[in-house]
Protein chains: 2
Amino acid sequence: MQKKYQFPVIASDIVIFTVDKGILKTLLIQMKKQPFESFWAAPGGLVKVNESVDQAAARILSEKTGLEKVYLEQLYTFGEIDRDPFGRVVSVAYFALISKEGLSLKTTSEYKDVSWFDAKKLPKLAYDHQEIIAKAVACLKNKLEHSNIIYSLLPKEFTLSELQKIYEIILSKKFDKRNFRKKILSLHMLKKLSKKQTGQANRPAMLYSFVHTSPQQVKVI
Amino acid sequence: MQKKYQFPVIASDIVIFTVDKGILKTLLIQMKKQPFESFWAAPGGLVKVNESVDQAAARILSEKTGLEKVYLEQLYTFGEIDRDPFGRVVSVAYFALISKEGLSLKTTSEYKDVSWFDAKKLPKLAYDHQEIIAKAVACLKNKLEHSNIIYSLLPKEFTLSELQKIYEIILSKKFDKRNFRKKILSLHMLKKLSKKQTGQANRPAMLYSFVHTSPQQVKVI
DNA sequence: CCAAAAGTGTTATGACTACACCCATGA
DNA sequence: TCATGGGTGTAGTCATAACACTTTTGG
């Protein structure tokens, strides 16, 4: 088993993030095989010879969530010799951001279970996935401060309070409402729609949307 | 030749930087084999089954420069299908920073030549090495602004003007001498030595050294 | 004494922080 | 009319940017 592969093999693992009920969550699958039986792990798979590593990551993401065209970025490559007891596997890790709206999880027979976990309270993880997810969370925080990618965690139309709440959840930090609005509006990333929120028992908020829904470098917070 | 490998193979390429004579330089090797005969490339090699990817990068660096214990950081993994005409090779790229002091290059028979090039005026490069080096330069600029790793490009003792010059060369930007000194000294990264420069036809400068010569996150410039 | 780089302070401007009250709606 | 979150401005502080002359040395 130790020498299953004569050369290192390339896999890809995907840390999938969403924000749901005020919590940053990540999608994990529960394993069946020893020595990681019942341990959880980020979804992953081998890179095939006829697909690029990016394509492999997108395929794995699509297999687990059914989603195409979501934000997907390479994170880091994990290449320690003993990271996988089944053989010599180098993993090119990615992270994905999705807006959780009526997303159905595909539990295949390959795994015991699939579920969302609070990214800050993880269960026992297989392989070096503890390290991978920690790095993904750190990278996500950093990206949120230096780019506009938060758009991929929000619905098309949203209020400034919803936007602020997502920054606060991920960065574990509170912002002053007035200062936050001043800052975020000065960046011209958002356009104000001529619509208001409906159906809640208080003053309805103005809705906004992103001017660009493609990744851009911006000093945000 | 196209199907030399049945699975993707893992290689590592190292972009080695130094600053010499006021220029940011990178070490390239000149290839012998078709279709890249006489093209230049960043040094690289396959990752062996009994070494980690980090170890492979350090080994390749050491084989080309004879140096151990230099600053070496993973950059990005390049995994396009057709990036290497010899077969399916995924490359985990690294970049290294060295202080060029009496460094002897090992030209092996494997290559036509080994030489330093201005990182902003590169010759025809093999594979996707144009892209790899461009990404390495961008990453280096970013790192210089957010960490103390510039220590690895300087000798143990240096003047503030030498330090400023390295920032200016890499960031392609001039700084005001007074503001630069105020800023850099306020970070407490440097200690003033009780020595002065000797042997030049002008007022001798005070020498400084770094307090820490290990990578640290700092907002520098 | 001349050439060359070292060293040094002040002022103006822009960015960030802290902070409290009135508004619009549904129940 | 009450509860709930929406929406708004100002003043103080801090970091950054602009700017020019004197000092020390070797030749």
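Any value given below was found using the heavy atoms of this structure, including those in side chains, with hydrogens, waters and symmetry copies removed. Quick note on labels: first sequence line is chain A, next is B, and so on, each numbered from 1.
Counting heavy-atom neighbours within 6.0 Å of B:Lys174 NZ, excluding the residue itself, gives a total of 12 or less.
A salt bridge is defined here as a Lys NZ or Arg NE, NH1 or NH2 lying under 4.0 Å from an Asp or Glu carboxylate O, and B:Glu157 with B:Lys195 meets this definition. In this structure, A:Asp13 pairs ionically with A:Arg83, as a charged nitrogen and a carboxylate oxygen lie closer than 4.0 Å.
Within the structure, every side-chain polar atom (N or O) of A:Ser161 is placed at least 4.0 Å from both OP1 and OP2 of D:dG5.
Here CG of B:Leu207 is found 7.5 Å from CD of B:Glu162. Values are rounded to the nearest 0.5 Å.
In this pair, A:Phe180 and A:Phe175 present their aromatic rings tilted. The plane angle is within the 30 to 60° band. Ring planes of A:Tyr71 and A:Tyr151: perpendicular class, angle over 60° (limits at 30 and 60°).
To the nearest angstrom, C1' of D:dG9 lies 19 Å from NZ of A:Lys183. Taking atom CZ of A:Phe180 as the reference point, atom P of D:dG9 lies 18 Å away to the nearest angstrom. Distance NZ (A:Lys195) to C1' (D:dG6): 19 Å, rounded to an integer number of Å.
Defined by atom type and a distance below 3.5 Å, a donor-acceptor pair is present between the side-chain atoms of B:Lys120 and B:Ser172.
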Residues 135-150 of chain A side chain polar contacts: donor-acceptor under 3.5 Å, at least two apart:
unit_1   : atom_1 : unit_2   : atom_2 : d
A:Lys143 : NZ     : A:Glu73  : OE1    : 3.4
A:Ser147 : OG     : A:Lys143 : O      : 2.8
A:Ser147 : OG     : A:Ile149 : N      : 3.3
A:Asn148 : OD1    : A:Gln216 : N      : 2.7
A:Asn148 : ND2    : A:Ser214 : O      : 2.9

Got a list of side-chain donor-acceptor pairs under 3.5 Å for residues 18-32 of chain B, not counting sequence neighbours?
unit_1  : atom_1 : unit_2   : atom_2 : d
B:Thr18 : OG1    : B:Ile98  : O      : 2.7
B:Thr18 : OG1    : B:Lys100 : N      : 3.2
B:Asp20 : OD2    : B:Lys25  : NZ     : 3.1
B:Asp20 : OD2    : B:Lys100 : NZ     : 3.1
B:Thr26 : OG1    : B:Ile16  : O      : 3.1
B:Gln30 : NE2    : B:Ser38  : O      : 3.1
B:Lys32 : NZ     : B:Ser109 : O      : 2.5

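Under the ring-ring contact (aromatic ring centres under 6.0 Å, His included) criterion, B:Phe36 pairs with B:Phe39, B:Tyr127, sequence neighbours left out.
Nucleotides of DNA chain C with any atom under 4.0 Å from a heavy atom of chain B span, from 5' to 3', C:dA3 to C:dT10.
Shown for residues 165-174 of chain A: no residue has heavy atoms falling under 4.0 angstrom of DNA chain D.
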* Asked: Just by protein heavy atoms under 4.0 Å, how would nucleotides 19-27 of chain D read 5' to 3' in B, S and -?
  -> BB--BBBS-
